[in-house]
Amino acid sequence: MIEVSPGLRRVDMPISRRDLQILVDKTLEALGLPEKTLSLRVVADQEIEALNRAYLGLPGPTNVLSFPMDDPDQPDYLGDMAISLDTVAREAFLYGQEPRRHFTRMLCHGILHLAGFDHGPRMFDLTDQAVAAIA
């Protein structure tokens, strides 16, 4: 399931449900997880800040939050993700990256967390490989 918070508008990022579904499918394929599914919600900073505080006890917005699901009744369901369009746009500007590419990087990063990866060289390499395959 893909949801986009009402009122979000950016022509430089994929925020239509159709574009997001295509990007999610390509990302899962590039990461070797083509049979897996997930829930994605694209939000503004205010919403991700509330999620960050409620679930992690951390103040302020973040770029992506991943909530892995380990349900034997749904073995192909990875879990739920939220990506802040505001934070991703701000980071893309700060890092001098194309916004759509940075969004794709954050999507890969979040999906890898759902798949059980922690930060480290293997996760970063897989993210780089997937972004290169998709771009």
Side-chain angles (χ1 to χ4, degrees):
M1 175 175 62
I2 293 178
E3 295 180 62
V4 179
S5 291
L8 289 180
R9 302 278 183 268
R10 287 205 63 106
V11 297
D12 56 351
M13 285 197 223
I15 61 166
S16 75
R17 286 215 242 71
R18 182 180 155 277
D19 287 347
L20 286 166
Q21 187 62 63
I22 290 168
L23 184 57
V24 166
D25 292 344
K26 286 181 178 181
T27 302
L28 289 169
E29 180 74 31
L31 293 172
L33 303 166
E35 302 301 319
K36 302 296 183 179
T37 61
L38 59 98
S39 174
L40 171 64
R41 183 157 170 85
V42 179
V43 301
D45 272 351
Q46 183 177 359
E47 188 172 343
I48 207 157
E49 181 175 7
L51 291 169
N52 204 19
R53 187 175 305 281
Y55 290 98
L56 299 178
L58 298 173
T62 189
N63 47 27
V64 61
L65 290 172
S66 298
F67 303 97
M69 178 74 80
D70 188 15
D71 183 350
D73 294 331
Q74 299 180 52
D76 290 333
Y77 186 69
L78 292 173
D80 304 328
M81 280 178 53
I83 296 178
S84 171
L85 202 63
D86 297 332
T87 298
V88 170
R90 194 168 46 254
E91 289 176 349
F93 175 77
L94 290 172
Y95 303 152
Q97 296 179 357
E98 192 270 319
R100 184 179 184 94
R101 187 174 181 93
H102 189 59
F103 184 94
T104 302
R105 177 171 297 285
M106 291 299 96
L107 180 63
C108 290
H109 185 90
I111 290 173
L112 285 168
H113 277 308
L114 292 179
F117 286 84
D118 289 324
H119 293 154
R122 179 74 177 129
M123 182 183 188
F124 300 135
D125 287 346
L126 287 171
T127 299
D128 289 343
Q129 291 169 17
V131 170
I134 295 164

(message) Does Phe93, at its CZ atom, have more than 12 non-hydrogen atoms belonging to other residues, nucleotides or ligands within less than 6.0 Å?
(response) no
(message) If I take atom CD from residue Glu29 and atom CD from residue Glu35, how far apart are they, to the nearest 0.5 angstrom?
(response) 8.5 Å
(message) Under a 3.5 Å threshold, yes or no: a donor from one side chain and an acceptor from the other, between Gln21 and Asp25?
(response) yes
(request) Determine, using the 4.5 Å side-chain heavy-atom cutoff (strictly less than), whether Leu33 and Val64 are members of one ILVMFWY cluster. (result) yes
(message) Count I, L, V, M, F, W, Y as connected when their side-chain heavy atoms are under 4.5 Å apart, and connections chain through other members. Are Leu65 and Leu78 then in the same cluster?
(response) no
(request) Give the minimum heavy-atom separation between Pro99 and Val88, together with the two atoms involved. (result) O-CG1, 4.4 Å
(message) I'd like to know if Glu47 pairs up with Arg41 as an ion pair, taking the criterion as any Lys NZ or Arg NE/NH1/NH2 lying under 4.0 Å from an Asp or Glu carboxylate oxygen.
(response) yes
(request) Indicate yes or no: at least one non-hydrogen side-chain atom of Tyr77 is less than 4.5 angstrom from one of Asp71. (result) no
(request) Spell out, as yes or no, whether a donor-acceptor pair under 3.5 Å connects the side chain of Lys26 to the backbone of Ala133. (result) no
(message) Tell me if a side-chain donor or acceptor on Ser66 pairs with a main-chain N or O of Gly110 at a distance below 3.5 Å.
(response) yes
(message) Show the nearest heavy-atom pair for residues Ile48 and Thr62, with the distance to one decimal.
(response) CG2-O, 3.4 Å
(message) Is it true that, when you exclude Gln46 itself, more than 12 heavy atoms of the residues, nucleotides or ligands shown sit nearer than 6.0 Å to its CD?
(response) no
(request) Kindly indicate whether the side chain of Leu8, heavy atoms from C-beta on, has any atom under 4.5 Å from the side chain of Val42. (result) yes
(request) Look at atom CG of Asp76 and say whether more than 12 heavy atoms of other residues, nucleotides or ligands are closer to it than 6.0 Å. (result) yes
(message) Using side-chain heavy atoms (C-beta onward) and a distance below 4.5 Å, is Val24 in contact with Leu107?
(response) yes
(message) Quick check: closest heavy atoms across Ala130 and Leu31, and the distance to 0.1 Å?
(response) CB-CD2, 3.5 Å
(request) Check for a donor-acceptor pair, side chain of Arg53 on one end and backbone N or O of Leu58 on the other, with a separation under 3.5 Å. (result) no
(request) Indicate the atoms forming the closest heavy-atom contact of Cys108 with Ile134, along with that distance. (result) SG-CD1, 4.3 Å
(message) Let me check something: do Leu56 and Leu51 share a hydrophobic cluster, defined by ILVMFWY side-chain heavy atoms less than 4.5 Å apart, either directly or through other members?
(response) yes
(request) Taking the side chain as every heavy atom from C-beta outward, state whether Gln129 and Leu126 have any pair of such atoms under 4.5 Å apart. (result) yes
(message) How long is the straight-line distance from NE2 of His102 back to OG1 of Thr87, given to the nearest 0.5 Å?
(response) 9.0 Å
(message) What I'd like to find out is whether the side chain of Ile111 reaches to under 4.5 Å of the side chain of Met81, using heavy atoms alone.
(response) yes
(request) Walk me through it: do Leu38 and Leu28 pass the test side-chain contact (heavy atoms from CB on, under 4.5 Å)? (result) CA-CA 10 Å; Leu38 59 98; Leu28 289 169; 4.0 Å; yes
(request) Could you tell me whether the side chain of Arg90 reaches within less than 4.5 Å of the side chain of Asp45, counting heavy atoms only? (result) yes
(message) Ignoring hydrogens, what is the shortest heavy-atom contact between Met106 and Asn63? Give both atom names and the distance.
(response) SD-ND2, 3.2 Å
(request) Could you tell me whether the side chain of Ile83 reaches within less than 4.5 Å of the side chain of Phe103, counting heavy atoms only? (result) yes
(request) Among residues two or more places apart or on two chains, list those pairs meeting side chain to side chain donor-acceptor pair (under 3.5 Å) that have a residue in residues 104-118. (result) Arg105-Asp128, His109-His113, His109-His119, His113-His119
(message) Are Asp86 and Val43 packed together at the side-chain level, in the sense that at least one heavy-atom pair is separated by less than 4.5 angstrom?
(response) no
(request) Give the minimum heavy-atom separation between Ser39 and Asp80, together with the two atoms involved. (result) CB-OD1, 3.2 Å
